[in-house]
**Q** 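One structure, pasted below without further comment.
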Number of protein chains: 2
Amino acid sequence: MAESLLDIAEVAERSGLAPSALRFYENRGLIASAGRNGLRRTYRPDVLERLALIACARGAGFTIAEIARFLLATPDDTKLRAHMAKKARELEEDIARLTRMRDGLHHASMCMHEPLVECPDFKRTFESSATLTPSPGR
Amino acid sequence: MAESLLDIAEVAERSGLAPSALRFYENRGLIASAGRNGLRRTYRPDVLERLALIACARGAGFTIAEIARFLLATPDDTKLRAHMAKKARELEEDIARLTRMRDGLHHASMCMHEPLVECPDFKRTFESSATLTPSPGR
DNA sequence: CTGTGACTTGAAGCGCGCTTCAAGTCAAGG
DNA sequence: CCTTGACTTGAAGCGCGCTTCAAGTCACAG
């Protein structure tokens, strides 16, 4: 009945992560193994969904610790909900910044200014962000 | 005539960066000082624009080395242009990921599933990203 | 029973982006 | 002239997210 469990190597291959990374995640509470086959960790197939979520979150700039907190969330944890909502708002800013950067790069990749960084159009892309977000960490 | 130059402390305060970070950036070729007043670095005011650009690029996931390369770009550097265009495309993916994450978080912040991570709507947000981008680095 | 070889562990190491530190230097004020 | 104090330097240190390493253990093939 334990036939559907995945070996760590299998999870590593399917997820594109190194086994060491999986152990690291387990250590940090992001994933749980379903048991062992000898010394080998085995995982339930749904760990792959979990890993996809983690990859997405990591790519969105969340730290391992933050992800761990979010994964433990229950509906009555209002503090955490607030934290999530705040993060969602921060993501809006990040998206705006990435969009600006993308536009700037796109322009730069075909602008003829020498050097490119002096191009007024290019500069204009960034002037709205003159004052930094005093964001802690990141 | 050098009246308009800014002292490093002034630049630090206005940009929100630590003086050590400014020295670090100078060391890496991201900015240049206009000279010294005694030992003290002085900068032309336009360094602030430059720093805003750098902050934006950093926030968009560029490494210091990448930014340095981009800042030296000239219109005839076709390789670098290609690199820029590629980066712009990668940013599209990043934006998509951040958007998904934002939507997921937004939903999670008011979903009633116990635990939140098991919510099917929440999961659906990420299922499209089942296979990881095998992006190097980041 | 004996290899083989992929896993296990905890600890150390690495690359990045700075920060901190020890030791030194300078401009300005008294 | 001497002190003050913010700067200077190069080098070391730090936090994060893993990776690598040395040493050990297990399942399975022969």
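Just so it is clear, the model here is predicted, and its values are computed rather than measured. Here is how names work: the chains are called A, B, and so on, in the same order as the sequence lines, proteins then strands, and each is numbered from 1.
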**Q** Mark yes when over 12 heavy atoms from residues, nucleotides or ligands other than A:His106 sit less than 6.0 Å from its NE2; otherwise mark no.
**A** no

**Q** Between B:Arg100 and B:Asp103, does at least one N-O distance fall below 4.0 Å, as a salt bridge requires?
**A** no

**Q** What string of B, S and - do you get for nucleotides 14-20 of chain C 5' to 3' if you count protein non-hydrogen atoms under 4.0 Å?
**A** ---SBBB

**Q** Evaluate salt bridge (Lys or Arg N to Asp or Glu O under 4.0 Å) for A:Glu92 paired with A:Arg89, printing each intermediate quantity in order.
**A** CA-CA 5 Å; A:Glu92 294 285 0; A:Arg89 264 175 277 123; over 6 Å; no

**Q** Do A:Tyr43 and A:Leu48 come close enough that some side-chain heavy atom pair is under 4.5 Å?
**A** no

**Q** What is the distance from CG of B:Asn27 to P of D:dG10, rounded to the nearest Å?
**A** 8 Å

**Q** Ion pair present between B:Arg23 and B:Glu26, side-chain N to carboxylate O less than 4.0 angstrom?
**A** no

**Q** Does anything in residues 36-45 of chain B reach DNA chain C, meaning a heavy atom under 4.0 Å, and if so which residues?
**A** B:Gly38, B:Leu39

**Q** May I ask you to say whether B:Arg124 pairs ionically with B:Asp121, meaning some side-chain N is under 4.0 Å from a carboxylate O?
**A** yes

**Q** Give the C-alpha distance, both sets of side-chain angles, the deciding distance and a yes or no for side chain to side chain contact (heavy atoms under 4.5 Å, CB included) between A:Val117 and A:Lys123.
**A** CA-CA 7 Å; A:Val117 72; A:Lys123 281 182 171 179; over 6 Å; no

**Q** For B:Glu13, I'd like to know if atom CD has over 12 heavy atoms of other residues, nucleotides or ligands within 6.0 Å.
**A** no

